[in-house]
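In each ligand, atom 1 is the first atom listed, and ligand 1 is the first ligand listed.
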Amino acid sequence: MAEVYHIPAMLRETIDGLNIKPEGTYVDVTFGGGGHSRAILEAGAGRLFSFDQDADALKNAIDDSRWEFVHSNFRYLRNWMDFYGVDGIDGLLADLGVSFHHFDCPERGFSFRFSAPLDMRMNQTAKRTAADIINTYSEEELARIFWLYGELKNGRQIARNICKARLNAPIARTEELVQSLTPLFAIRDGEIDVPPQKKKELAQLFQALRIEVNDELGALREMLVAARDLLKPGGRIAILTYHSLEDRLVKNFLRSGNLEGEIEKDFYGNILTPFTLIEKGREASEEEVERNPRARSAKLRIAEKREITKS
Ligand SMILES: C[S@@+](CC[C@H](N)C(=O)[O-])C[C@H]1O[C@@H](n2cnc3c(N)ncnc32)[C@H](O)[C@@H]1O
């Protein structure tokens, strides 16, 4: 069966919310399977730049003269727009995190379901893999990322187990990491069969590691600031988040217009923010979750750049 590269979440809600202007310039910073990008072009965008740091996404290239693929981390959004001579955009979409392709492709090492090298790099030319982190971070550093990015209450215990195990030999494969949480499991035909009650914790552990490997929050912060400055008045930013940490960051940024989330007020007490909120954390409909269970954790936030911004 042909691989489903990705099924986009809240496709209609996102495109409607972007309020596409015919002939406007748009950016999709997370191209993936290209579902959202195609819909932006169908809605009449004049020009679309689609970013993805994973070269695999180019399999989904769109044959359209209005479309440009930018094989780069979206943290360099500003540099690339300068390169293309674009000084203002009418809208930007970010559908954060990884695609189905990443989870479903065993050799990429994103999933605890498959026996594979512990890789987890979205950009396959990046230097640092998940195995590098697991084998070189201190116990405290590991515990911190498990707690912070995976919300694992037993992060300290898991970090301790990992550090003990790696004294014998480096941890190089997914199943060796699974071992730190679940001593008993079977592997059949390359698939790791873990007890059902351990699946949630393992998903949290793998998520934490993936966020660290790809510096997902650092890239998001840089992109948000660039997007704020590039958006034209009336332009919209739409962001789909998938876990509480990135969602909180996006929520505070769109409310305040800054990474600190500090709401500034003028002399009269009026709130000074560059954005008007359009969608405040919309979730996928039950019908969509039924069709596409991975849309369950998605939250859609949309804001419009105001006409007058503070100097
Ligand atoms: C959730 S998928 C996007 C799916 C897409 N909306 C679609 O319709 O198929 C996220 C994609 O963004 C890419 N990505 C994630 N973080 C990135 C970053 N910092 N820079 C560039 N691409 C990134 C991933 O490689 C992945 O292909």
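Among protein heavy atoms, atom 26 (C) of ligand 1 sits closest to Asp52 OD2, 3.4 Å. Closest to atom 20 (N) of ligand 1, if we only count protein heavy atoms, is Phe74 N, 2.8 Å. The single protein non-hydrogen atom nearest to atom 9 (O) of ligand 1 is Gly33 N, 2.8 Å, given as residue, atom name and distance. Looking at atom 3 (C) of ligand 1, its nearest protein heavy atom turns out to be Thr30 O, 3.3 Å. For atom 10 (C) of ligand 1, the closest non-hydrogen atom on the protein side is Gly97 O, 3.1 Å.
Nearest-heavy-atom check against atom 6 (N) of ligand 1 across Leu240, Asn123, Asp95 picks out Asp95.
Contacts of Phe31 with ligand 1, taken as heavy-atom pairs under 4.0 Å, involve the backbone alone. Contacts between His6 and ligand 1, counted as non-hydrogen atom pairs separated by less than 4.0 Å, involve the side chain only. Only the backbone of Ser72 comes within contact range of ligand 1, with a heavy atom under 4.0 Å; no side-chain atom does. Within the 4.0 Å heavy-atom criterion, the part of Leu96 lying near ligand 1 is the backbone and not the side chain. Looking at Gln53 against ligand 1, both its backbone and its side chain come within 4.0 Å, counting heavy atoms.
Leu224 and Leu92 fall within the same hydrophobic cluster, where Ile, Leu, Val, Met, Phe, Trp and Tyr residues are linked whenever their side-chain heavy atoms come under 4.5 Å apart, directly or through other members.
The contact set between ligand 1 and Gly32, taken as ligand atoms under 4.0 Å from a residue heavy atom, comprises 9 (O), 27 (O).
Judged by the 6.0 Å distance and 45° axis criteria, Arg294 is positioned over the aromatic ring of Phe100.
Under 3.5 Å, the side chains of Thr129 and Asp119 contain no donor-acceptor pair of N or O atoms.
Ligand 1 is never approached by Ala57 to a heavy-atom distance shorter than 4.0 Å. Within the 4.0 Å heavy-atom shell around ligand 1 one finds His102. At least one heavy atom of Met122 sits less than 4.0 Å from an atom of ligand 1.
Within 6.0 Å of the CG atom in Asp82, the count of heavy atoms belonging to other residues, nucleotides or ligands exceeds 12.
Proximity of the aromatic rings of Trp67 and Phe31 is defined here by a centroid distance below 6.0 angstrom, and this criterion is met.
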